[in-house]
Amino acid sequence: KAGVTQTPRYLIKTRGQQVTLSCSPISGHRSVSWYQQTPGQGLQFLFEYFSETQRNKGNFPGRFSGRQFSNSRSEMNVSTLELGDSALYLCASSLRGKEYEQYFGPGTRLTVT
Amino acid sequence: KNEVEQSPQNLTAQEGEFITINCSYSVGISALHWLQQHPGGGIVSLFMLSSGKKKHGRLIATINIQEKHSSLHITASHPRDSAVYICAVLNYGGSQGNLIFGKGTKLSVKP
């Protein structure tokens, strides 16, 4: 069974631009969570989607948004990029009722210049 | 105070040494993860615990729910064990899929 995949793996953007990152969960997994990792703050929860609905959102500004499609693939979008948005963005998928058992993707490393 | 505290922050060991990394948490949890992150970023889940002890090869993870404490042990450490080890908890009764992470322990094993 294929693991969680994220695209692109690396991305360089300029301040003020917007970016869309994609996550394909493990087949059969319908829950997708997104996390941001920075050297200063470590790993922080962004949001979680299940069955195309956002179930929970972390403490991030409205510039960060996401969505989930009917095939459980998820995207996250960051608008009006800031230098501080440079980070590793990880997604993780899990089975319904087993959200404690998350499988991580390789991450997308975003650099904002 | 962080809800999940790890110690030590950095650890250097000689090949073959027994290593212990500690994790304390202040919230009620339904599960605790030990994660491994190599340079380059990819995260691998080593263990998921809700009670007791688990062993996989040279890695052992224990959890004491009453004391809100978990340990990750590496026996006969090897340079390939060099990585950042992260403790993460799923807050009991909290929102599903919302892991709370420790800051990580950077382990370097010298040959």
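Convention: sequence-line order gives letters A, B, ...; per-chain numbering from 1. The shown structure was predicted, so the numbers you read here are calculated from the model rather than taken from an experiment. The analysis underlying the following values was restricted to heavy atoms, covering all of them including side chains, and did not include hydrogens, waters or symmetry mates.
- Ionic pairing of A:Asp85 and A:Arg63 is present here: one or more N-O contacts between side-chain nitrogen and carboxylate oxygen are shorter than 4.0 angstrom.
- Put simply, of A:Arg109, A:Arg9, A:Gln37, the one with the most heavy-atom pairs under 4.5 Å next to chain B is A:Gln37.
- Aromatic rings from A:Phe64 and A:Phe47 are positioned such that their centres are separated by 6.0 Å or more.
- Classified by interplanar angle (parallel below 30°, tilted 30° to 60°, perpendicular above 60°), the ring pair B:His56/B:Phe47 is perpendicular.
- Neither the backbone nor the side chain of A:Gln6 comes within contact range of chain B, judged by heavy atoms closer than 4.5 Å.
- A:Leu90 touches chain B through its side chain: at least one heavy atom from C-beta onward sits under 4.5 Å away, while N, CA, C and O do not.
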Please step through side-chain hydrogen bond (donor to acceptor under 3.5 Å, both in side chains) for the pair B:Arg58 and B:Thr75, ending with a clear verdict.
CA-CA 5 Å; B:Arg58 296 180 294 106; B:Thr75 62; 5.6 Å; no

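- Using a 4.5 Å cut-off between heavy atoms, B:Leu35 touches chain A through its side chain atoms alone.
- Of the N and O atoms on the side chains of A:Thr20 and A:Glu75, not one donor lies less than 3.5 Å from an acceptor on the other residue.
- Proximity to chain A is limited to the side chain of B:Ile86, based on heavy atoms less than 4.5 angstrom apart.
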